[in-house]
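All values reported here derive from a predicted model rather than from experimental measurement. Excluded from the calculations below are hydrogen atoms, water molecules and symmetry mates; all remaining heavy atoms, backbone and side chain alike, are included.
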Amino acid sequence: MTENHNAVVLFKERKIRRIWHEETWWFSVVDVMGALTDSTNARRYWSDLKRQLAESEGFNELYEKIVQLKLKSEDGKKYTTDCANTESLL
């Protein structure tokens, strides 16, 4: 596979954006949060969780494993998005 190869996978009938980067798949954290929590506003859920982790649980360690990569949005444009690899998600 080539670097920056984009693909969408389904989990529980929810789309999860991913990108091939540095020889591994990276997944949109917001998309994963939406699929796992059935949140109507997964972006807000992730934002609140990041704030909570920063305040009480030392989010800096976790955040070192999250990278920002450009993923295609539903409007067809690419936006910088928090992404995590499989190991970090699990």
Side-chain angles (χ1 to χ4, degrees):
M1 296 198 194
T2 61
E3 186 174 333
N4 292 328
H5 179 76
N6 292 302
V8 172
V9 293
L10 293 177
F11 176 76
K12 295 171 72 173
E13 299 180 11
R14 302 281 300 259
K15 291 181 182 179
I16 298 177
R17 294 169 294 159
R18 67 180 181 172
I19 188 168
W20 184 253
H21 177 71
E22 296 183 356
E23 302 298 319
T24 192
W25 283 110
W26 293 83
F27 300 87
S28 164
V29 175
V30 170
D31 294 352
V32 172
M33 289 289 162
L36 293 177
T37 65
D38 290 326
S39 173
T40 57
N41 190 343
R43 191 172 316 282
R44 176 64 185 259
Y45 188 97
W46 174 234
S47 176
D48 290 347
L49 181 59
K50 282 195 298 188
R51 184 174 52 255
Q52 177 186 358
L53 290 171
E55 292 172 358
S56 65
E57 300 180 30
F59 181 69
N60 292 335
E61 181 180 320
L62 174 62
Y63 204 67
E64 289 174 3
K65 298 179 181 180
I66 294 175
V67 299
Q68 292 190 329
L69 301 169
K70 288 199 174 207
L71 297 178
K72 189 181 286 187
S73 181
E74 287 188 15
D75 66 5
K77 297 178 183 176
K78 289 187 176 184
Y79 297 98
T80 302
T81 305
D82 285 345
C83 295
N85 62 20
T86 304
E87 180 183 358
S88 296
L89 289 172
L90 295 176

Could you give the distance from [atom1] ([X]) to [atom2] ([Y]), rounded to the nearest 0.5 Å?
{"X": "C83", "Y": "L71", "atom1": "SG", "atom2": "CG", "answer": "4.0 Å"}
{"X": "Y45", "Y": "D38", "atom1": "OH", "atom2": "CG", "answer": "10.5 Å"}
{"X": "L36", "Y": "I16", "atom1": "CG", "atom2": "CD1", "answer": "7.0 Å"}
{"X": "S39", "Y": "L49", "atom1": "OG", "atom2": "CG", "answer": "11.0 Å"}
{"X": "R43", "Y": "S28", "atom1": "CZ", "atom2": "OG", "answer": "7.5 Å"}
{"X": "R18", "Y": "T24", "atom1": "CZ", "atom2": "OG1", "answer": "10.5 Å"}

* Is there a donor-acceptor pair closer than 3.5 Å between any side-chain N or O of T81 and the backbone N or O of Y79? -> yes

* Asked: Is W26 reaching over with its side chain to a backbone N or O of H21, donor-acceptor style, under 3.5 angstrom?
  -> yes

* Work out which heavy atom in S73 is nearest to a heavy atom in R17; give both atom names and the distance. => CA-NH1, 4.2 Å

* Shortest non-hydrogen contact from A84 toward I66 -> CB-CG1, 4.5 Å

* Asked: Should K50 and D82 count as side-chain neighbours, where that means a heavy-atom distance under 4.5 Å?
  ->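 Yes - at least one pair of side-chain heavy atoms lies under 4.5 Å apart.
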
